[in-house]
Amino acid sequence: MAIEVRIPTILRTYTDGEKAVSGDGASLSALIDDLEASHPGIKDRLIDNGDLRRFVNVYINDEDVRFIGGLEAELTDGDQVVVLPAVAGG
Amino acid sequence: MLTIDQATYDAIVAHARRDHPVEACGIVAGPEGSDRPERHVDMVNAAGSPTFYEFDSTDLLGLYRDLDDRDEEPVVIYHSHTATEAYPSRTDIGLAQEPNAHYVLVSTREHGNNDGPVEFRSYRIVDGEVTEEEVAVVPELGTT
């Protein structure tokens, strides 16, 4: 099973500069664990206290995962995941 | 240093004035690695707040897909402060996640929706460290 994950600039330090990496998992949570195995440190940038960080957006096939189950969102072979830092401030 | 053309500068200031007292936000895109702010994109402040801004998550995805297709990146990320100076707030610093961008702050606190001088300042924000930089407004960006 292969899922393409698009990595934003700020997280490419964990992927040797790669813009996209491949991972697998039946849920977003499993995918992030799989990414952590190949790119140590990345999980902590996505998850805080067991939940997705508020200012990191994750999309599965263009859907914001917050609306489709968050970390429990299901994944299947060929899905595309996009990670984007929020653009926000005060 | 941020070098920006007069028309883009004016468009950012006009956006900030128009949206006052809500914070205005947007980007200026340019070819990847070029450091040339060429294409102004004004964004909706999904927070609709005088003290906070956030790009809507669907708009954000659309924006980055568009940038990808054009081999562009956000060269400038701007927003306005409507009651305080044009300096990054603690929130701005904590949430800055584009290490290659010039973070532009415009303050409309003096004149609000009306004409008159505004503060327009630019910063690099990397790993929580803020460095102010000079802003050069030129008639047009030079050719490369």
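Reminder, nothing fancy here: chain letters follow the sequence lines and each chain counts from 1. The structure presented is a predicted model; accordingly, all values stated were derived computationally and were not measured.
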| query | Is Ile12(B) linked to Val137(B) within one hydrophobic cluster, defined over Ile, Leu, Val, Met, Phe, Trp and Tyr using a side-chain heavy-atom separation of less than 4.5 Å? | reply | yes

| query | Tell me, side chain or backbone of Phe55(A) under 4.5 Å from chain B's heavy atoms, or both, or neither? | reply | both

| request: Please say whether more than 12 non-hydrogen atoms of neighbouring residues, nucleotides or ligands are located less than 6.0 Å from CG in Asp16(A). | output: no

| Would you call Glu32(B) and Lys19(A) a salt bridge, taking side-chain N to carboxylate O under 4.0 Å as the test? | yes

| field | Between Ser57(B) and Asn57(A): side-chain donor-acceptor atoms closer than 3.5 Å | value | no

| Non-hydrogen atoms of Gly90(A) and His81(B) that approach each other most closely | O-NE2, 2.9 Å

| Looking at Leu60(B), Asp59(B), Leu95(B), which one forms a side chain to side chain contact (heavy atoms under 4.5 Å, CB included) with Val87(A)? | Leu60(B)

| query | Which heavy atom of Thr91(B) sits nearest a heavy atom of Gly89(A), and at what distance? | reply | CG2-C, 4.0 Å

| note | dist Glu54(B):CD -> Arg54(A):CZ (nearest 0.5 Å) comes out at 4.0 Å

| query | For Thr51(B), is it the side chain, the backbone, both, or neither that has a heavy atom closer than 4.5 Å to a heavy atom of chain A? | reply | backbone

| query | Is the CG atom of Asn114(B) crowded by more than 12 outside heavy atoms at less than 6.0 Å? | reply | yes

| remark: The interface call for Phe55(B) against chain A, heavy-atom contacts under 4.5 Å, is both

| task | Against chain A, label Arg90(B) side chain, backbone, both or neither, depending on which of its atoms sit under 4.5 Å from a heavy atom there. | result | neither

| said: Quick check: under 4.5 Å, non-hydrogen atoms only, which of residues 7-15 of chain A neighbour chain B? | reply: Thr9(A), Ile10(A)

| message | According to a hydrophobic-cluster definition based on side-chain heavy atoms being under 4.5 Å apart (Ile, Leu, Val, Met, Phe, Trp, Tyr only), do Leu71(A) and Val83(A) belong together? | response | yes

| task | Select one option (side chain, backbone, both, neither) describing which atoms of Asp68(B) are under 4.5 Å from chain A's heavy atoms. | result | side chain

| field | Least distance between heavy atoms, Leu61(B) atom then Val82(A) atom | value | CD1-CG1, 3.9 Å

| For Arg66(A), is it the side chain, the backbone, both, or neither that has a heavy atom closer than 4.5 Å to a heavy atom of chain B? | neither

| query | Should Val130(B) and Ile77(B) be regarded as members of a common hydrophobic cluster, given that ILVMFWY residues are connected when their side-chain heavy atoms come within less than 4.5 Å of each other, either directly or indirectly? | reply | yes

